[in-house]
Amino acid sequence: ALTEKMRMQFEVEDLEVASPATVSRCGMIYMEPESLGFQPFIDSWIEVLPETFSFQPDIATTLAKLCSEILPPTLNFVRKKLKEVVQTQDNNLIESLFRLLDCYFVKFRPNELRPAASFKEEVAELKPCVSPLFVFCLVWSLGGSCDGPSRMQFSDYVWGIVSEELQDKLNSKLQVANISFPPRQRIPLDGLSPGACFHDFFYSLEQKQWIPWMQTIPNYEVPRGARYEEIVVPSIDSVRLMYCFQLLLLQDKHVLCPGPTGTGKSVNIGLWLQKQAPENFQGTFVSFSAQTHVNQFQDLIDSKLEKRRRGVYGPPAGKKMVLFVDDLNMPIKEYYGAQPPIELLRQWHDHRGWFNRKELKKFDITDVIMVSAMGPPGGGRTFITERLKRHYSTLAYSEFQDESITQIFR
């Protein structure tokens, strides 16, 4: 029983299923994201940048300036003018940007084999690339959840940030919607012609310039003897999304790939896990349906795990499990709006484990990377909780461009 000295605190997303009796007996505190702002996220991220960046203090200063000046107005533009494949939260998009940048910065962290002093020259070479790299990651984080038509609008907005001439053209349209540009930034964009779509180009750190995506892969030839249904022709859509997908996954970041049916989400992810993933990656494929039961799902995952030590489970030693959940938003909602299979995934993300139903003891699960694909809500697919989506970096698939269709059937 609760004693007078005990207190219970509940953190809930909304009060949709709370009765008046519940509300009257609990003190309510409403936390709005706007009151927090973005600066705490930026400051805390800047503090954990690789220590080797101290050789070039301008790198941290430049990143802090770019984040503080560009992110708030750009997020305002995304919310007011663009359409996302699935709804996201502002804080999640900012975290997605930091995750992408961290994937590039991880190689500058010292370890037992390489002390910090040995990075001096490499950090000096990175310095002029920081601004264009920030723009590339901005395009595939804040602009990565948008649908096809919105991507060109996002690209135009980014051009307005770096080009005074293009900013003047767009200003009159955006001022009507109460949207402003951040202070103009001097960012080198070698390889890009003014007005080109940023989503169509890859920024190469080695060459220090922007390159069309299709030039980053060898020309594709259909293998001899391949059956028609086995042929997967790379297109600009699949090449760029799989590059970002691989970049995040190899650094243990969780990825969500939403998009319309028939855009190749499951095929591309499955092909990468089967043929291109490192040897220590163990793919586990699960497809949700409206009738997926949480106990069956938990038993399936548990059957793939081994005991590491007391209370800790994971894939076989030296392996990492990549859990690919297809049709993530298919499980039917309960009376009160919960989706138990999704809540089990959320529990792992929040607490890195779940409970053994027989012994009623929690055990930790390590070395797991979550990958999910889903269609946009509607027609049996539901809106899933933001508490799960916030853990993922969102890479949205859009309808094929005409260029991609021509490439496939040429």
Side-chain angles (χ1 to χ4, degrees), residues 6-13 41 44-45 47-48 89 91-92 95-96 98-99 102-103 106 109 111-112 245-257 269 273 277-288 292-326 328-329 331 334 338-374 384-394:
M6 292 181 180
R7 295 290 182 270
M8 295 182 72
Q9 183 173 332
F10 302 93
E11 183 190 3
V12 295
E13 190 171 3
F41 289 95
S44 58
W45 179 68
E47 284 182 10
V48 296
Q89 298 294 317
N91 296 345
N92 175 235
E95 284 293 322
S96 297
F98 294 161
R99 289 183 198 120
D102 284 339
C103 290
V106 70
R109 295 189 182 277
N111 53 42
E112 295 175 358
F245 172 85
Q246 176 176 295
L247 182 69
L248 289 161
L249 211 66
L250 293 179
Q251 298 303 325
D252 298 348
K253 313 294 185 189
H254 312 293
V255 184
L256 173 64
C257 296
I269 295 171
L273 288 174
E279 289 184 5
N280 65 322
F281 275 35
Q282 173 185 307
T284 300
F285 298 81
V286 180
S287 188
F288 278 178
T292 299
H293 196 280
V294 65
N295 290 352
Q296 293 173 335
F297 177 51
Q298 183 179 350
D299 292 341
L300 173 66
I301 305 305
D302 288 347
S303 68
K304 309 283 185 183
L305 304 175
E306 294 181 357
K307 187 172 184 178
R308 295 279 182 88
R309 56 185 185 274
R310 185 177 178 183
V312 179
Y313 290 78
K319 298 272 189 182
K320 288 183 181 177
M321 177 192 285
V322 181
L323 178 59
F324 173 39
V325 179
D326 202 3
L328 178 68
N329 55 351
E334 291 183 333
Q339 294 165 283
I342 286 175
E343 291 303 324
L344 186 73
L345 290 175
R346 182 202 58 76
Q347 185 177 13
W348 180 85
H349 280 288
D350 286 340
H351 305 288
R352 288 296 183 266
W354 49 56
F355 282 81
N356 182 319
R357 300 196 310 276
K358 294 177 183 175
E359 301 174 11
L360 299 182
K361 289 182 180 177
K362 179 179 180 292
F363 55 80
D364 297 325
I365 300 173
T366 61
D367 293 333
V368 175
I369 309 169
M370 298 281 186
V371 179
S372 300
M374 66 184 212
I384 62 172
T385 174
E386 297 294 335
R387 291 173 181 272
L388 175 65
K389 279 193 286 186
R390 74 184 183 90
H391 293 287
Y392 291 94
S393 292
T394 304

Q339 and its side-chain contact (heavy atoms from CB on, under 4.5 Å) partner, picked from I384, L328, L388, V294: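 Testing Q339 for a side-chain contact (heavy atoms from CB on, under 4.5 Å) against I384, L328, L388, V294 leaves exactly one candidate, I384.
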For [X], which residues count as a side chain to side chain donor-acceptor pair (under 3.5 Å) partner, sequence neighbours excluded?
X    : value
K253 : none
S287 : none
E343 : R346
E386 : K389

Could you give the side-chain donor-acceptor pairs of residues 279-286 under 3.5 Å, partners two or more places apart or in another chain?
none

Keeping to residues at least two apart or across chains, list the salt bridge (charged side-chain N to carboxylate O under 4.0 Å, His left out) pairs with something in residues 299-316.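 Passing the test, one end in residues 299-316: D299-R357, R308-D367.
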Would you say CD of E13 has more than 12 non-hydrogen atoms from neighbouring residues, nucleotides or ligands within 6.0 angstrom?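 Above 12, so yes.
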Euclidean distance, [Y] [atom2] relative to [X] [atom1], rounded to 0.5 Å:
X    : Y    : atom1 : atom2 : answer
D326 : F324 : CG    : CZ    : 4.0 Å
Y313 : L305 : OH    : CG    : 9.5 Å
I301 : Q296 : CD1   : CD    : 12.5 Å

Sub-4.5 Å side-chain heavy-atom contact between T366 and R352: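 Not in contact.
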Report the residues that fulfil side chain to side chain contact (heavy atoms under 4.5 Å, CB included) with [X], sequence neighbours left out, ordered by chain and then residue number.
X    : answer
E112 : none
S96  : N92, R99, S141, S393
Q347 : L344, H351, W354, F355

Could you tell me which residues satisfy salt bridge (Lys or Arg N to Asp or Glu O under 4.0 Å) with R390, sequence neighbours excluded, listed by chain and number?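 Per chain and number, R390 pairs via salt bridge (Lys or Arg N to Asp or Glu O under 4.0 Å) with D350.
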Which residues share a ring pair (Phe, Tyr, Trp, His ring centres under 6.0 Å) with H254, sequence neighbours left out: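 Per chain and number, H254 pairs via ring pair (Phe, Tyr, Trp, His ring centres under 6.0 Å) with W348, H349.
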Applying ring pair (Phe, Tyr, Trp, His ring centres under 6.0 Å), can you list everything that pairs with F41, at least two apart in sequence or on another chain?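 With sequence neighbours excluded, F41 shows a ring pair (Phe, Tyr, Trp, His ring centres under 6.0 Å) to no residue whatsoever.
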Shortest non-hydrogen contact between [X] and [Y], atoms and distance:
X    : Y    : result
P341 : F297 : O-CE2, 4.0 Å
S303 : L300 : OG-O, 2.6 Å
W45  : D102 : NE1-OD1, 3.0 Å

